[in-house]
Amino acid sequence: MSESAKPQVRSGTIGNWLYQLDRILRGEATRPTDIQQADIKIPVLGITLVVVVLAVIYGFCMGVFGIATGIESAQLQKALLQTFASMSKVPLLFFLTLIVTFPSLYVFNALVGSQLKILPVLKLLIASLAVNLSVLASMGPILAFFSLSTPNYSFIVLLNVVVFTAAGTLGLTFLIQTLNRLTVSQHGPSAPVAAIPVGPVEPNDAESEGSRLAVIKPAVEPGPLDRLQGIAMGSHVKKVFGCWIVVFGLVGAQMGWVLRPFIGSPNLPFQWFRPRSSNFFEAVGNTIYNLFS
Amino acid sequence: MSKEPTIPSRIDFMLQGWKKMARGFDTVDHILRRQSVKRNLSSNRDGRVSLRTTVFIVMLLGPIYGIAMGCYAWVAGERTLVEQIPQMVYSGTKVPLLIFFTVLISLPSFFVINTLLGLRDDFRESLAAIISAQAGMIVILTSLFPLTLFAYVSTSHLEFNYPLAILINAGMFGLASVSAQVLLRGYYSPLIAKDTRHRWMVRSWIFVYAFVGIQASYVLRPFIGNPNTPTSFFRKDSFENAYVRVLQLASEVIQGFFS
């Protein structure tokens, strides 16, 4: 689909940023045909701000549990403080993880053989954060509903772990598929990008919306999470990224542990940070045990 | 001079009313046979079974099952009809509420993940499928209400009739949901034929919908109304978690078994 067919700029800056976020989610920003120059065309600052807003929204949904229990136990001040803390900590969690893992991703990316410069890698990471946070924020209403209706702290903690894992998995899949596309486009692919399934070109139904009129598109457009056909990742690339995903997941999980409390146990006083003890995985094990007792 | 309605015009009026009703049945029939969606999708037109129709069906038929569900204490002979009317009204309101709430809460993530999988261009069709499945579920549920009433009548003499009533209704809701999922898969089949990624989408929708729906129905309790407790819209302890409760019950059973 040619870019000129789409309105490039929507009225107002916020509208444009949301449009850019939508382009990332739809895979338009990382479409193999448009990624030839080994760069993703996204406004870094705008997307970063959108990511922060999404994180704040999810932080608020996390704080709902505190508000619900706070109203019950007449500790509204503690609840509001906790909500404020969660709203500021969720963006912090993601950006600190980004800072910790950015250098290693850059180095590994170079090791894999990609000539990607530092700015495209940063853009790539911001874009995958945007994917991650969008999924997270879209699950916010579900979390808020369960937080309102569940007095059980352990359940909410585990639900958060599940939601974060789901969002993280999608974000990382996006990251890897896009990095692969970027690497391929840098190398000048031996199995060219044309190997994506481009079906018979047919104009869209004339009855469809105005903007889609006369747009020529392939039969199946690869989504942002799709592996491109005809382009297989090299085995060493796979290994490197396997390791890197593990590192990213571990850092993210442990960062969440260091920055806790996000939800706020109803039995403990409000704290900005808890003393450093134990680790994420031990805590998840304990929480599962608590759920049954 | 005012014009007296003639007999033929009255018949005409009645006939039109009947035609409207017949058209209503036709819509229901189409939903169950998945015709309207199928036709729209195969002709590559905007495959929406109108949202308005669905909302109308849910608002119209939802209360029927709700009221039937809520008249338990009256059928069981433990309360008079007048005493039971508030519970029937509450339950009648809660069934549509449950459906709307569950769909609304689950939609944002469905939208984002659809977009991420590259299925945004089909989102209207996906949404149409999901919405018509809700209408389908309500139609199925409504068809079950006589069975529920019959079960109430035939079990009211038993000592454990209230827990049994809960089980019966859970069964009916379960049956309606499972059948509606079959409908949903049917609605989705042209989409899946077009792009296999839709299969994952419909699976994840069913999972999230069930996960949210079970908790929502637990929060919205009582639907049936325990004859031994005063009638209320919400239970005092309604903000509880269904899954935690089940886990605790299971762990109590296991502990009891070993002690």
Side-chain angles (χ1 to χ4, degrees), chain A residues 1 21-28 31 54 68-69 72 131-156 158-159 162-163 166-167 170-171 173-174 204-205 207-209 212 217 219-226 288 290-293, chain B residues 43-46 101-124 194-198 200-201 204 207-209 211-221 234-235 237-252 254-255:
Chain A
M1 198 184 297
L21 175 70
D22 196 42
R23 279 187 66 228
I24 295 176
L25 292 179
R26 293 175 77 133
E28 280 174 20
R31 189 171 304 131
L54 289 174
T69 48
E72 245 170 54
V131 170
N132 194 334
L133 263 306
S134 303
V135 177
L136 210 55
S138 74
M139 290 181 177
I142 298 178
L143 177 72
F145 165 59
F146 273 87
S147 298
L148 271 179
S149 59
T150 304
N152 190 303
Y153 178 60
S154 306
F155 182 87
I156 295 299
L158 288 179
L159 183 63
V162 171
V163 169
L170 288 173
T173 313
F174 173 87
N204 268 7
D205 191 347
E207 281 174 23
S208 63
E209 299 158 78
R212 284 164 59 185
K217 61 184 272 193
V220 178
E221 196 76 69
L225 304 185
D226 283 336
I288 293 174
N290 284 342
L291 199 59
F292 285 96
S293 55
Chain B
S43 66
N44 202 17
R45 274 177 43 211
D46 181 14
F101 183 77
T102 307
V103 172
L104 273 184
I105 291 278
S106 316
L107 262 187
S109 48
F110 181 69
F111 173 73
V112 169
I113 296 174
N114 251 303
T115 309
L116 257 182
L117 290 187
L119 302 171
R120 176 76 159 270
D121 288 344
D122 298 337
F123 188 70
R124 277 166 166 244
K194 200 167 141 196
D195 192 331
T196 46
R197 287 175 288 190
H198 278 296
W200 287 105
M201 228 29 255
S204 75
F207 176 77
V208 172
Y209 179 82
F211 183 68
V212 174
I214 288 172
Q215 171 67 4
S217 53
Y218 195 71
V219 168
L220 283 175
R221 214 162 36 114
F234 282 124
R235 284 263 171 84
D237 61 341
S238 79
F239 288 112
E240 274 277 342
N241 185 298
Y243 302 100
V244 173
R245 190 80 200 104
V246 168
L247 280 180
Q248 281 169 348
L249 283 178
S251 116
E252 274 168 32
I254 293 167
Q255 278 170 7

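The figures that follow rest on heavy atoms only: side chains count, while hydrogens, waters and symmetry mates do not. Residue numbers begin at 1 in each chain, while the letters A, B, ... track the order of the sequences. All values derive from a computational prediction rather than experimental measurement.
- In this structure, S217(B) OG and R221(B) CZ are separated by 9.5 Å, a value rounded to the nearest 0.5 Å.
- Side chain of Y243(B) to main chain of F211(B): a donor-acceptor pair is present (N/O by atom type, distance under 3.5 Å, no hydrogens or angles).
- Looking at I105(B), both its backbone and its side chain come within 4.5 Å of chain A, counting heavy atoms on both sides.
- The ring-ring contact (aromatic ring centres under 6.0 Å, His included) test applied to F123(B) returns F110(B), F111(B), not counting sequence neighbours.
- Of the atoms belonging to I142(A), heavy atoms from both backbone and side chain fall under 4.5 Å from chain B.
- Interatomic distance, W200(B) CH2 to D195(B) CG, rounded to the nearest 0.5 Å: 14.0 Å.
- Contact count against chain A (heavy-atom pairs under 4.5 Å) is highest for L247(B) among I113(B), L247(B), V208(B).
- Only the side chain of L159(A) comes within less than 4.5 Å of a heavy atom in chain B; its backbone stays farther off.
- Contact of A242(B) with chain A is not made at all, since no heavy-atom distance falls under 4.5 Å.
- Only the backbone of L148(A) comes within contact range of chain B, judged by heavy atoms closer than 4.5 Å.
- Under the side-chain hydrogen bond (donor to acceptor under 3.5 Å, both in side chains) criterion, D122(B) pairs with K194(B), H198(B), sequence neighbours left out.
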